[in-house]
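Reading through the structure tokens given below for one structure.
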Amino acid sequence: MHKILVSRCLLGHRVRYDGGAHGPFDQLQQWLDEGRVVAVCPEVAGGLPTPRPPAEIDGGQGAAVLDGRVPVLTVEGEDVTAAFVDGAEQALRLVREHDIRLALLKARSPSCGNLENYDGSFSGVRVPGEGVTAALLKRAGVKVFNEMQLDEAAAELARLERD
């Protein structure tokens, strides 16, 4: 049985930067019931508190953070790059430990976003990009989906189960 890495906030855990949560969604509940879910919040795993100041990446590219080209900064200007990278590395360890090939992560998060991210101006402007954890997982060959792509994630899981 294939396991799935899932953002804890999508499972209803109150770990978002603002202390909030999302979900759980019906599909996630089914995967929980099947014992497939490996839950992670990379930001909390990296040592950040809940709640915490919002953070963004200048340019919205998590790969640039991993490559040491840009930092992750809070709205107050604090550099939280180390916590974001540490959390991403912990997520990757879980992926390797459980032989995970797909992840369902929170959209537009500076850690977990897989398609778009905020641009670093804290003005709500979105750009194509991905979070630090999503970028690291993609580099490792993990297919990363967000909560608006539950159907595609379920189809990918079904494909993995068939193969």
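Considering CG of Leu10 and CZ of Arg16, their distance stands at 9.5 Å, rounded to 0.5 Å. Atom CZ of Arg14 sits about 10.5 Å away from atom NE2 of His22, to the nearest 0.5 Å. To the nearest 0.5 Å, the span separating CG on Leu73 from OG1 on Thr81 amounts to 6.0 Å. To the nearest 0.5 Å, atoms CZ (Arg69) and CD (Gln61) are separated by 8.5 Å. In this structure, CG in Leu5 is found 8.0 Å from SG in Cys112, a value given to the nearest 0.5 Å. Going from atom CE of Met148 over to atom CG of Leu104 covers 10.0 Å, rounded to the nearest 0.5 Å.
Looking at Gln90, its side chain never comes within 3.5 Å of a backbone N or O of Ala88 through a donor-acceptor pair.
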### Message
Checking Leu105 against Phe145 for the side chain to side chain contact (heavy atoms under 4.5 Å, CB included) test, could you report, in this order, the C-alpha distance in whole Å, the side-chain angles of both residues, the deciding distance, and whether it holds?
### Response
CA-CA 6 Å; Leu105 305 178; Phe145 300 90; over 6 Å; no
### Task
Show your working on side chain to side chain contact (heavy atoms under 4.5 Å, CB included) between Val72 and Asp58 and close with a plain yes or no.
CA-CA 7 Å; Val72 182; Asp58 186 29; over 6 Å; no
### Message
For a side chain to side chain contact (heavy atoms under 4.5 Å, CB included) check, start with the C-alpha distance between Asn117 and Arg126, then their side-chain angles and the critical distance, and finish with the verdict.
### Response
CA-CA 5 Å; Asn117 218 331; Arg126 297 183 204 167; over 6 Å; no
### Query
Passes side chain to side chain contact (heavy atoms under 4.5 Å, CB included), Glu43 versus Ser109? Steps please.
CA-CA 10 Å; Glu43 293 172 29; Ser109 156; 3.6 Å; yes
#### Entry: side chain to side chain donor-acceptor pair (under 3.5 Å) evaluation trace for Asn114 with Gln149
CA-CA 10 Å; Asn114 68 322; Gln149 299 175 300; 2.9 Å; yes
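Side-chain contact check for Arg101 versus Lys143: every heavy-atom pair is 4.5 Å or farther apart. Considering only heavy atoms from C-beta on, Val44 comes within 4.5 Å of Arg52 through its side chain. Within the 4.5 Å cutoff, side-chain heavy atoms of Leu48 are placed close to those of Phe84.
Taking each heavy atom of Val38 and Lys3 in turn, the nearest pair found is CG2-CD, 3.8 Å. For the residue pair Thr133 and Gly87, the shortest heavy atom distance occurs at OG1-C, 4.3 Å. For the residue pair Gly19 and Thr50, the shortest heavy atom distance occurs at CA-CG2, 3.7 Å. Ala45 and Asp86 make their closest contact through O-OD2, 3.9 Å (heavy atoms, listed as atom of the first residue, atom of the second, distance). Among all heavy-atom pairs drawn from Ala107 and Glu147, the shortest one is N-OE1, 2.9 Å. When every heavy atom of Pro53 is checked against every heavy atom of Thr74, the shortest pair comes out as CB-CB, 4.0 Å.
In the displayed structure, Asp67 atom CG is contacted under 6.0 Å by more than 12 heavy atoms of other residues, nucleotides or ligands. Within 6.0 Å of CZ on Arg96 lie no more than 12 heavy atoms contributed by other residues, nucleotides or ligands.
Under the 4.5 Å side-chain heavy-atom criterion for ILVMFWY residues, a single connected hydrophobic cluster contains both Leu102 and Phe25. Note on Trp31 and Val40: separate hydrophobic clusters, where clusters join Ile, Leu, Val, Met, Phe, Trp and Tyr whose side-chain heavy atoms are under 4.5 Å apart, directly or indirectly. There is a path of hydrophobic side-chain contacts, each under 4.5 Å, that joins Ile4 to Leu160. Val142 and Leu115 fall into different hydrophobic clusters, where Ile, Leu, Val, Met, Phe, Trp and Tyr residues are linked whenever their side-chain heavy atoms come under 4.5 Å apart, directly or through other members. Using a 4.5 Å cut-off between side-chain heavy atoms of Ile, Leu, Val, Met, Phe, Trp and Tyr, with links allowed through other members, Leu66 and Val144 fall into the same hydrophobic cluster.
For the pairing with Arg108, the salt bridge (Lys or Arg N to Asp or Glu O under 4.0 Å) check across Glu116, Glu56, Glu130 returns one residue only, Glu116.
If you check the side chains of Asp26 and Gln30, you find no donor sitting under 3.5 Å from an acceptor.
Arg36 and Glu161 are joined by a salt bridge, as a carboxylate oxygen and a charged side-chain nitrogen come within less than 4.0 angstrom of each other.
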